[in-house]
Amino acid sequence: MNNKKNPIEQRIIFQKMYKEHSCWLLGWLTNKVNCRSRAEDIVQDIFLKLLRSESDLKTIIEPKAYLITMAKRLIVDQIRRKQVEDAYLQQKVIFQNEIQQKISLENDFENRQIIGQALEKLSTLSDKPKHAFLMSRLEGLRHAEISEKLGVSVSMVKKYIVKAHQTCGQI
């Protein structure tokens with residue numbers, strides 16, 4: 001008795017199995033996974049596995065039961081893979097959020113340090129240059145509006161702001 005597989009015989013058995021069982025397997029899988037395209041992918045995977053299999057296809061006595069077993073295993077594998085992917089993505093989002101929070105806290109700290117240094121430097125200025133700068137930067141007032149509030153000329157407001165920039169620019 002010859003234990004070697006005949007490649008031609010294997011191909012014929014494979015083609016027969018595909019022709020006789022692919023349609024009902026697709027229907028069965030579509031009902032199981034509630035998605036025709038996913039079922040089509042699984043059918044394709046099953047028959048690819050059979051085609052590449054080292055097993056002797058003529059030893060399969062109950063093709064439907066064999067194909068259903070393969071299908072169930074592939075479905076379970078997909079579910080497990082999806083669970084791993086979901087867990088990975090969830091951890092990735094958590095990690096990215098933690099990094100963003102850390103960066104945000106570091107930026108807040110750095111910004112507070114810069115603001116503190118700027119306020120320290122501004123405190124060395126007399127009131128009018130300091131107020132002109134703050135009205136310009138914080139309140140968004142134009143030079144003409146600042147000149148009215150401070151009771152000075154527009155050109156003086158410009159000088160005040162330049163002086164404040166020079167003082168703060170050394171931070």
Would you please name every residue forming a side-chain contact (heavy atoms from CB on, under 4.5 Å) with [X], sequence neighbours left out?
{"X": "E148", "answer": "none"}
{"X": "S37", "answer": "C35, E40"}
{"X": "D86", "answer": "K82"}

If every non-hydrogen atom of [X] is compared with every non-hydrogen atom of [Y], which pair is closest and at what distance?
{"X": "I75", "Y": "L29", "answer": "CD1-CD2, 3.6 Å"}
{"X": "S147", "Y": "V154", "answer": "OG-CG2, 3.7 Å"}
{"X": "I161", "Y": "S136", "answer": "CD1-CB, 3.7 Å"}
{"X": "A132", "Y": "I146", "answer": "O-CD1, 3.6 Å"}

If Ile, Leu, Val, Met, Phe, Trp and Tyr residues are connected whenever their side-chain heavy atoms lie under 4.5 Å apart, and connections chain through other members, are L57 and I12 in the same group?
no

M70 with I79, same ILVMFWY side-chain cluster at under 4.5 Å
yes

Stepwise side chain to side chain contact (heavy atoms under 4.5 Å, CB included) test for M135 and V157:
CA-CA 10 Å; M135 283 188 258; V157 169; over 6 Å; no

If you round to the nearest 0.5 Å, how far is [atom2] of [Y] from [atom1] of [X]?
{"X": "K128", "Y": "M156", "atom1": "NZ", "atom2": "CE", "answer": "8.5 Å"}
{"X": "R137", "Y": "L122", "atom1": "CZ", "atom2": "CG", "answer": "11.0 Å"}
{"X": "I103", "Y": "D108", "atom1": "CD1", "atom2": "CG", "answer": "12.0 Å"}
{"X": "I46", "Y": "T69", "atom1": "CD1", "atom2": "OG1", "answer": "10.0 Å"}
{"X": "L119", "Y": "Q117", "atom1": "CG", "atom2": "CD", "answer": "10.5 Å"}
{"X": "E9", "Y": "D56", "atom1": "CD", "atom2": "CG", "answer": "7.0 Å"}

Can you tell me if [atom1] on [X] sees more than 12 non-hydrogen neighbours from other groups inside 6.0 Å?
{"X": "F47", "atom1": "CZ", "answer": "yes"}
{"X": "E20", "atom1": "CD", "answer": "yes"}
{"X": "I61", "atom1": "CD1", "answer": "no"}
{"X": "E62", "atom1": "CD", "answer": "no"}
{"X": "L105", "atom1": "CG", "answer": "yes"}

Spell out, as yes or no, whether a donor-acceptor pair under 3.5 Å connects the side chain of [X] to the backbone of [Y].
{"X": "S104", "Y": "Q100", "answer": "no"}
{"X": "Q10", "Y": "S55", "answer": "yes"}
{"X": "S123", "Y": "E120", "answer": "yes"}

Restricting to pairs with a member in residues 133-153, which pass ring-ring contact (aromatic ring centres under 6.0 Å, His included), not counting sequence neighbours?
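Checked against ring-ring contact (aromatic ring centres under 6.0 Å, His included) - neighbours excluded - the pairs reaching residues 133-153 are F133-H165.
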
Side chain proximity check, [X] to [Y], heavy atoms < 4.5 angstrom:
{"X": "N97", "Y": "V93", "value": "yes"}
{"X": "H131", "Y": "L150", "value": "yes"}
{"X": "E110", "Y": "N107", "value": "yes"}

By side chain to side chain donor-acceptor pair (under 3.5 Å), R142 pairs with (sequence neighbours left out) none

Among residues two or more places apart or on two chains, list those pairs meeting salt bridge (Lys or Arg N to Asp or Glu O under 4.0 Å) that have a residue in residues 92-103.
none

Once you measure the plane-to-plane angle for H21 and W24, does it fall in the parallel (<30°), tilted (30-60°) or perpendicular (>60°) bin?
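Perpendicular, since the angle between the ring planes exceeds 60°.
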
I60 pairs by side-chain contact (heavy atoms from CB on, under 4.5 Å) with which of I13, L50, L67?
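Only match with I60 under side-chain contact (heavy atoms from CB on, under 4.5 Å): L50.
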
For K49 and L74, run side chain to side chain contact (heavy atoms under 4.5 Å, CB included): C-alpha distance rounded to whole Å, both residues' side-chain angles, the deciding distance at 0.1 Å, then the answer.
CA-CA 11 Å; K49 283 185 177 213; L74 283 173; 3.9 Å; yes

Should K72 and K32 be marked as a side chain to side chain contact (heavy atoms under 4.5 Å, CB included) after you check the CA-CA gap, both sets of side-chain angles, and the distance that decides it?
CA-CA 9 Å; K72 286 178 180 177; K32 289 292 178 192; 5.8 Å; no

Can you check side chain to side chain contact (heavy atoms under 4.5 Å, CB included) on L48 and R52, steps first, answer last?
CA-CA 6 Å; L48 274 173; R52 294 177 180 159; 4.2 Å; yes

